[in-house]
Amino acid sequence: MTSQKRIAILIPCLNEEITIAQVVKNFQRTCPSAQVYVFDNCSTDKTSEAARQAGATVVYSPKPGKGNTVIHMFDVVDADIYVMTDGDSTYPAEALPGLLDVFEKSSVDMVVGSRLSRFSTGAFRKFHYFGNTMLAKTISYAFGAQLTDILSGYRIFSRRLVKSLPLKSTGFEIETELTLQTLAKGFKIREAPIDYGARPAGSFSKLNTWRDGRIVLTALFLIFKDFRPLIFFSALGIFLAILSFACGILPIADYLRERYVYHVPLAILAMGFGILSAMSFVVGMILNTIVQFHQENFILFQKLLNTPNKPPS
């Protein structure tokens, strides 16, 4: 079935001169019917030349950041099936036919190449593995999914998903947003294990453990606020309620013992935290209703978009 569909292989790149040519050739060999696009995100080396000589269509992507490049790719490339991978030769092109088979047979909108069960020594930094696992468990719990690898850059997308996601992330948090937006919009995700390799000698990662970890956690925080407001504001309300109780212990003890409150500042602070806690729960319920309303409108929009026009009988 995939042989009858237009497949686009999208490779966002920044200074991957050493590996990009081999990556392009590997994907051309494993999926000869696909069109390979390399989006050069302001490289200062010969990435574009190497990719073009290998047979890829090279597109210059001027806004720095992987997220900006992914948004650019989705905007300008027209295909039926989109395959996203990296240009550093860590994702195996040989796994693509199997991933495409899973994509077709499972009728999902996204297939993620999960790296956590089979990977080479040195492929992951210690904290990247821990952070990825923590994100996966948190998102799986919040959205009722079964995910293990949130940060994989090896993904297959349906056309309707690519053209429906209002992506906003600019950097390496884009994989987190892709997962969250897909789940929040009601699309289906499935993972398939792949072999994940270490970078070749002379090739260097653009990730920074602390900087990019902070960016991913910030993106997770903001998207939870937008798409799971009841969870977000309920957690905030519980935290404020605990603070209110902690501040109110001494004033309550004063009143029970002396029928007079000596710790007036603490009593005022406890009351303030209590009011904020109640407001957080109310705000969460209101925003949750709004999110559900928008979700229903999105589902209706998708149905109208995919329903062919029929002439009146």
Side-chain angles (χ1 to χ4, degrees), residues 8 10-14 39 41 61 63-77 82-86 91 108-116 128-129 131-191 205-232 287-288 290-291 294-295 298-299 301-302:
L10 310 177
I11 310 175
C13 270
L14 172 61
F39 280 72
N41 189 213
S61 190
K63 286 187 178 181
K66 185 175 182 180
N68 285 325
T69 308
V70 171
I71 293 171
H72 186 198
M73 294 190 309
F74 287 176
D75 283 344
V76 302
V77 175
Y82 296 78
V83 179
M84 186 176 78
T85 187
D86 286 347
Y91 293 113
V108 295
D109 294 286
M110 180 190 294
V111 170
V112 179
S114 178
R115 306 164 293 172
L116 301 189
H128 288 177
Y129 184 92
N132 195 355
T133 303
M134 181 189 69
L135 280 174
K137 289 182 178 179
T138 303
I139 293 173
S140 295
Y141 171 77
F143 289 90
Q146 297 293 325
L147 302 176
T148 61
D149 191 358
I150 302 299
L151 304 180
S152 175
Y154 200 1
R155 299 172 184 242
I156 299 177
F157 309 91
S158 66
R159 176 183 174 81
R160 71 169 189 155
L161 176 61
V162 164
K163 300 305 180 183
S164 299
L165 295 184
L167 300 174
K168 297 178 289 184
S169 299
T170 60
F172 284 104
E173 71 274 20
I174 187 64
E175 283 91 359
T176 305
E177 188 186 5
L178 282 168
T179 300
L180 287 168
Q181 289 268 25
T182 300
L183 292 171
K185 293 292 188 296
F187 292 105
K188 296 180 180 179
I189 300 178
R190 180 167 177 179
E191 290 186 336
S205 174
K206 316 304 183 301
L207 291 171
N208 178 283
T209 299
W210 303 113
R211 182 196 66 212
D212 295 311
R214 175 181 55 81
I215 290 173
V216 169
L217 289 176
T218 300
L220 183 62
F221 171 84
L222 294 175
I223 293 174
F224 258 86
K225 177 177 66 68
D226 292 339
F227 294 106
R228 284 295 185 268
L230 188 58
I231 295 176
F232 179 87
L287 291 178
N288 189 64
I290 295 173
V291 167
H294 283 290
Q295 179 66 16
F298 181 82
I299 293 171
F301 170 76
Q302 286 290 321

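Since the model is a prediction, treat every value here as computed from it, not as a measurement.
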*Please tell me if the side chains of F157 and V83 come closer than 4.5 Å, counting only heavy atoms from C-beta onward.*
no
Salt-bridge present (D109, R159; N to O < 4.0 Å)
no
Smallest heavy-atom separation, E173 atom then T170 atom, equals OE2-N, 3.4 Å
Contacts of L167 meeting side-chain contact (heavy atoms from CB on, under 4.5 Å) (sequence neighbours excluded), chain-then-number -> V70, I71, F74, L165, I174, E177, L178, Q181
In short, salt bridge (charged side-chain N to carboxylate O under 4.0 Å, His left out) pairs touching residues 162-171 with sequence neighbours left out are K168-D226
When rounded to the nearest 0.5 Å, the distance separating OG1 of T182 from CG of L161 is 4.5 Å
Side chain to side chain donor-acceptor pair (under 3.5 Å) filter on S61, not counting sequence neighbours, yields H72
Interatomic distance, CG@L151 vs OG@S114, rounded to 0.5 Å, equals 11.0 Å
ask   = With a 4.5 Å heavy-atom cut-off, do L147 and L183 have their side chains touching?
value = yes
Residues passing the salt bridge (charged side-chain N to carboxylate O under 4.0 Å, His left out) test with D75, sequence neighbours excluded, are none
dist I189:CD1 -> Q146:CD (nearest 0.5 Å) comes out at 12.5 Å
Query raised in the report: Is any side-chain heavy atom of M73 closer than 4.5 Å to a side-chain heavy atom of P12?
Result: yes
- Quick one: do E175 and K66 satisfy salt bridge (Lys or Arg N to Asp or Glu O under 4.0 Å)? Show the steps, please. CA-CA 9 Å; E175 283 91 359; K66 185 175 182 180; 2.5 Å; yes
Scanning both residues in full, the closest heavy-atom pair of G113 with S152 reads O-OG, 2.7 Å
Here the gap from L10 atom CG to F39 atom CZ, rounded to the nearest 0.5 Å, amounts to 6.0 Å
Taken in chain and number order and not counting sequence neighbours, the residues that satisfy side-chain contact (heavy atoms from CB on, under 4.5 Å) with K63 are N68
d(I139 CD1, T176 OG1) to nearest 0.5 Å is 6.0 Å
Sorted by chain and number, sequence neighbours left out, salt bridge (charged side-chain N to carboxylate O under 4.0 Å, His left out) with E191 holds for none
query: Quick one: do the R155 and T179 side chains pair a donor with an acceptor below 3.5 Å?
result: yes
What one should report as the nearest heavy-atom pair of S158 and Y82 is O-CD1, 4.4 Å
Closest heavy-atom pair, A142 versus R228, reported as atoms and distance to 0.1 Å, is O-NE, 3.4 Å
List the steps, then state whether ring-ring contact (aromatic ring centres under 6.0 Å, His included) holds for F232 with F221.
CA-CA 8 Å; F232 179 87; F221 171 84; 5.0 Å; yes
**Study point:** Y154 ring center within less than 6.0 Å of Y91 ring center
**Key:** yes
Just wondering, more than 12 heavy atoms not from K185 lying within 6.0 Å of its NZ? yes
When every non-hydrogen atom of G65 is compared with those of N41, the smallest separation belongs to N-OD1, 3.0 Å
